[in-house]
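All remarks here apply to the structure that follows.
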Amino acid sequence: MSEPIDCREATLQLQDYLKREMTPELAEEMRAHLARCRPCFSQACFEENFLRLLEGCAKVRCPEALRARIVALLQVEAEQG
Amino acid sequence: MAEPSAAVRSFDAEALPHLDALYRVALRLTGDTSQAEDLVQDTMLKAYRSWRQYRPGTNARGWLLTILRNTFINDYRRRKLEPIAMDLEAVEPHALYRAVEEVDPEGTFFSRIVDDKVLDAVDALPTEFREVLVLSDVEGLSYAEIAGALGLPLGTVKSRLFRARRLLQAALYAYAVEMGYIKPREGRHE
């Protein structure tokens, strides 16, 4: 087992951790660190609250009229070969 | 109406499910609904015309977003050579977390900000930061997908995302202070 990660390392790795782009081993180390370190845990919550706000912005949908226009244009393209 | 051909059917099945994401990204890039509609339409036509270059079952969303972004850069940017007002890699905004850790350590104030205000703040970011942040944090693309769509090295994607988030957090914090959602650290007299 390698050295447990410290706060400095945890802060550096937080972005990759929250994006779930790290090895399972390192993710496990991060979870363990966040479970025992209140400041780092708070910082992770802070970033998660921020990210939730941005995820919520994915509600906008393509207007139906545009969708219909594109489908019709594609059909014309196909017929023209 | 004629029966759609096999080519149209396979394009429809692979590409049309991504129209919502394409439209959202187009909106953030152009900042304008009618330009966003034109950009999505142009993107879909270009994609259809080069459909043979797409390998079925690979990442259609990434492929479409690459076309959308290239079309935006080539045809939609009002000024082809937008002056870069700052050295993008040198921007190192302070971590907002340090400023709020005493008053709101978990950032609950974020949840009080409505979507429109969040999007206004996103739109105010420099394009180079905005596109990475939107692809990552609104659309959920991986580092590798973003690197592919934008033609950037992975390390640049990561560092731009880091800086984009810091800049956006600073803007949202300023708005939250203005609205009274959070008390600024300096303003307190206890």
Side-chain angles (χ1 to χ4, degrees), chain A residues 7-24 26-27 30 33-81, chain B residues 1-2 4-5 7-9 11-12 15-16 18-24 26-28 33 36-38 40-41 43-45 48-49 95-98 100-101 104-111 113-116 118-119 122 133-134 136-140 142-144 158 161-162 165 168-169 172:
Chain A
C7 294
R8 193 186 144 275
E9 184 65 16
T11 303
L12 284 176
Q13 298 289 349
L14 188 58
Q15 175 173 316
D16 292 356
Y17 174 73
L18 293 176
K19 220 165 148 46
R20 293 180 174 79
E21 293 209 39
M22 62 172 44
T23 62
L26 190 51
M30 279 293 287
H33 181 83
L34 295 177
R36 64 174 180 263
C37 177
R38 178 144 189 96
C40 286
F41 179 77
S42 287
Q43 188 166 2
C45 291
F46 174 88
E47 296 293 336
E48 276 180 329
N49 277 322
F50 166 71
L51 291 177
R52 204 164 297 141
L53 193 64
L54 290 175
E55 283 162 18
C57 292
K59 288 193 286 271
V60 176
R61 306 199 56 192
C62 174
E64 277 312 312
L66 174 61
R67 188 182 296 270
R69 195 160 77 232
I70 288 169
V71 168
L73 277 169
L74 292 174
Q75 190 59 41
V76 170
E77 281 279 313
E79 282 160 11
Q80 287 168 352
Chain B
M1 196 164 158
S5 69
V8 177
R9 276 202 306 273
F11 183 82
D12 284 0
L16 291 181
H18 302 298
L19 272 181
D20 291 331
L22 292 175
Y23 180 70
R24 283 192 296 268
L27 261 185
R28 298 279 75 76
T33 53
E37 294 201 6
D38 289 348
V40 172
Q41 184 174 314
T43 299
M44 290 300 276
L45 281 176
Y48 180 75
R49 286 168 190 158
L96 172 62
Y97 175 69
R98 297 282 162 239
V100 301
E101 62 180 330
D104 187 359
E106 298 189 358
T108 55
F109 75 89
F110 282 129
S111 64
I113 304 174
V114 296
D115 290 354
D116 282 353
V118 177
L119 291 174
V122 170
L133 180 118
V134 166
S136 168
D137 297 343
V138 181
E139 301 303 332
S142 69
Y143 291 137
K158 285 192 188 195
L161 179 61
F162 180 82
R165 285 178 176 177
L168 184 62
Q169 287 174 358
L172 293 175

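Chain letters run A, B, ... following the sequence lines, proteins first, then strands; residues in each count from 1.
When heavy atoms are compared at a cutoff of 4.5 Å, B/Ser136 approaches chain A by way of both its backbone and its side chain. Proximity to chain A (any heavy atom under 4.5 Å) is restricted, for B/Tyr23, to the side chain, taken from C-beta onward. With a 4.5 Å cut-off on non-hydrogen atoms, B/Arg165 touches chain A through its backbone and its side chain both. Of the two parts of B/Val122, only the side chain, counted from C-beta on, holds a non-hydrogen atom closer than 4.5 Å to a non-hydrogen atom of chain A. Residue contact with chain A, scored on non-hydrogen atoms closer than 4.5 Å, involves the backbone and the side chain of B/Leu161 alike. Only the side chain of B/Leu133 comes within less than 4.5 Å of a heavy atom in chain A; its backbone stays farther off. Residue contact with chain A, scored on non-hydrogen atoms closer than 4.5 Å, involves the backbone and the side chain of B/Val138 alike. Using a 4.5 Å cut-off between heavy atoms, A/Arg20 makes no contact with chain B at all.
Atom CZ of A/Arg36 sits in a crowded spot, with more than 12 heavy atoms from other residues, nucleotides or ligands closer than 6.0 Å.
At a cut-off of 3.5 Å, with distance as the only test, a side-chain donor of A/Glu47 or B/Gln169 sits close to an acceptor on the other residue.
Between the side chain of A/Glu21 and the backbone N or O of B/Ser142 there is no donor-acceptor pair closer than 3.5 Å.
Looking only at heavy-atom pairs under 4.5 Å with chain A, the residue among B/Glu139, B/Met44, B/Arg49 that has the most is B/Arg49. Between chain A and the residues B/Leu168, B/Ile113, B/Leu119, the largest count of heavy-atom pairs under 4.5 Å involves B/Leu168.
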